[in-house]
Amino acid sequence: MARMFPERPLAIKHQSEREVFEALQATLDDEYAVFHGVPLHQEGRKPDGEADFLIAHPELGLVVMEVKGGGIIFDPRRGWFTTNSHGIQSPIDDPFQQALTEKHAILRDLKADQRWPPRQSVQIGYSVCFPAVAVTDSGFTTRGKREFTFGRNDLPSLGARVAECLRYWQRVDPADRVGPAGFRAVLERFGRSWQYQIPLKDELAAGEASIVELTARQMEALRLLSLQPRVAISGCAGSGKSLLAVARAQELAAAGQQVLLTCFNKALAEHWNRSLALPTNV
C-alpha cells in the first residue's frame, strides 16, 4: 500500500475525498507517497489554498489531484456546477484550472526549497477526480482529457490509472527524473512529522528528557503559519506559543532560509540557546 500522509482519513470531512483517499491507499504500492490537504501559498493570490492530493513516485514523478464530489455539470455559458442528491446546483470553480494552479504552486515551492536537488527540474502533472460519476473514454469537456480525468468507474483500479496519468505527463511535459534525492525532498517538505526533543536538565536529573508532540490545535496553528505571512497567536503561559515559534523557525531553516527568532526577555533567549539544538541559520 502507498505511504499516506496522514496515515488514516480520520480528519477528512468530505465523503468524496475520503473515497479517493481509501482508493489510493488500497491500489497504489509502497513506492508511492500520497499527501492529502497540501497547504499552498501563492504570491499575489489568496494564501489559504490547498491541493486535495499530491501523489509522488521516485521514477514516474508527481501529480496533483483535485477532487469534486456530487454530480458535475459544465455549461459553456454559465460555468461549472455540482449537484447534490436533491438535484440542487451549486457553482464551483473550474476543477482543471484549480489543479493546474495548484501544480504550479507546488512546483514553485519545491524549486525554492534548498532540499530539492540543485539544477534539477520537477516532473509534475495534474489531474481531476469525480468520485460520484462515471467518466467515459472521451473524458469530461474538451479540457478534461481521459488521461488525467478519473471517475467512479476508475476507483477500483485507481492506482493503475494514476500510473498511466504520470506516464502521460512524462510524455507531453517531460522534466528530470525525481530520483531518490528529489523524493526525499518531497517527503521532507510535505510529510515531515512535528515532534522534537526538549531536554529537562534544568528541572530533572542530568540525562533525562521528554518528547513534546504538538497537539492538534498547535498543529493547526503551525499549518496556519505556513499559509500566512503574518500571524498573531495568543495564549496563557505554558500554552505552547514558544514551541510553535521554535518549530516554525526550524522548518524555515530546514528549507534554507535565514531566520531571526526573537522573544520578550533575555532569560528565555538564553534558555533557548542553552537547551535547544537550533540550526546555525537560526
Side-chain angles (χ1 to χ4, degrees), residues 2 4-6 9-28 32 34-42 45-56 62-107 124-166 168-169 173 190 227:
M4 308 298 291
F5 300 87
L10 299 179
I12 300 179
K13 298 178 181 178
H14 300 292
Q15 178 62 24
S16 56
E17 292 180 24
R18 179 179 292 272
E19 291 179 359
V20 174
F21 183 103
E22 292 172 347
L24 291 169
Q25 185 177 40
T27 60
L28 290 172
Y32 288 87
V34 179
F35 309 89
H36 174 256
V38 178
L40 304 173
H41 180 76
Q42 304 166 52
R45 299 175 181 267
K46 269 181 65 176
D48 57 350
E50 68 174 31
D52 289 333
F53 291 95
L54 173 65
I55 304 166
L62 315 177
V63 64
V64 175
M65 182 181 289
E66 178 68 20
V67 177
K68 293 298 182 186
I72 302 296
I73 296 173
F74 173 68
D75 185 325
R77 296 169 300 172
R78 299 189 301 135
W80 289 84
F81 296 84
T82 183
T83 62
N84 62 19
S85 57
H86 302 290
I88 299 175
Q89 298 183 11
S90 301
I92 57 173
D93 293 329
D94 179 341
F96 294 97
Q97 182 59 50
Q98 279 186 275
L100 178 60
T101 300
E102 292 158 6
K103 164 197 161 177
H104 285 295
I106 289 172
L107 179 61
I124 184 169
Y126 66 91
S127 62
V128 173
C129 185
F130 304 121
V133 300
V135 176
T136 66
D137 290 342
S138 60
F140 197 93
T141 76
T142 54
R143 186 169 192 178
K145 296 187 68 172
R146 188 66 174 106
E147 287 85 351
F148 52 83
T149 306
F150 312 129
R152 171 162 291 281
N153 48 319
D154 295 308
L155 295 185
S157 57
L158 190 55
R161 293 283 291 113
V162 166
E164 292 171 4
C165 175
L166 287 164
Y168 167 81
W169 287 114
D173 191 16
F190 301 114
L227 297 174

Audit row: Tyr32, Leu166, side-chain contact (heavy atoms from CB on, under 4.5 Å) steps and yes/no: CA-CA 12 Å; Tyr32 288 87; Leu166 287 164; 3.8 Å; yes
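- Of the candidates His104, Gln97, Gln98, Thr101 forms a side chain to side chain donor-acceptor pair (under 3.5 Å) with just one, namely Gln97.
- In this structure, the side chains of Phe148 and Tyr168 come closer than 4.5 Å at one or more pairs of heavy atoms.
- Taking all atoms of both residues into account, the shortest heavy-atom contact from Leu40 to Ala51 is CD1-N, 3.8 Å.
- Contact check for Lys68 versus Ser16: no side-chain heavy atoms found under the 4.5 Å cut-off.
- Nearest heavy atom pair, residue Ala56 against residue Leu62, reads CB-CD2, 3.2 Å.
- Rounding to the nearest 0.5 Å places CZ of Phe5 at 11.0 Å from CG of Leu54.
- With a 4.5 Å cut-off on side-chain heavy atoms, Thr82 and Ile72 count as touching.
- In this structure, Val128 and Pro95 approach most closely via the heavy-atom pair CG2-O, 3.6 Å.
- Looking at heavy atoms from C-beta onward, Tyr126 lies out of side-chain contact with Glu66 at the 4.5 angstrom threshold.
- The two residues Asn153 and Pro156 make their nearest non-hydrogen contact at O-CD, 3.8 Å.
- With values rounded to the nearest 0.5 angstrom, Asp52 atom CG is found 4.0 Å from Glu17 atom CD.
- A heavy-atom distance below 4.5 Å is found between the side chains of Asp94 and Arg143.
- The OG atom of Ser127 sits 9.0 Å away from the CZ atom of Phe96 when rounded to the nearest 0.5 Å.
- The nearest pair of heavy atoms linking Val20 to Met65 is CG1-SD, 3.7 Å.
- Gln25 CD to His36 NE2: the interatomic distance, rounded to the nearest 0.5 Å, is 12.5 Å.
- To the nearest 0.5 angstrom, Asp154 atom CG is 11.0 Å from Arg152 atom CZ.
- Across Phe53 and Val34, no two heavy atoms sit closer than the pair CD2-CG1, 3.8 Å.
- Rounding to the nearest 0.5 Å gives a distance of 12.5 Å between CZ of Arg161 and CG of Leu24.
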Criterion side-chain contact (heavy atoms from CB on, under 4.5 Å) on Thr141 and Trp80, from CA distance to verdict: CA-CA 11 Å; Thr141 76; Trp80 289 84; 3.8 Å; yes
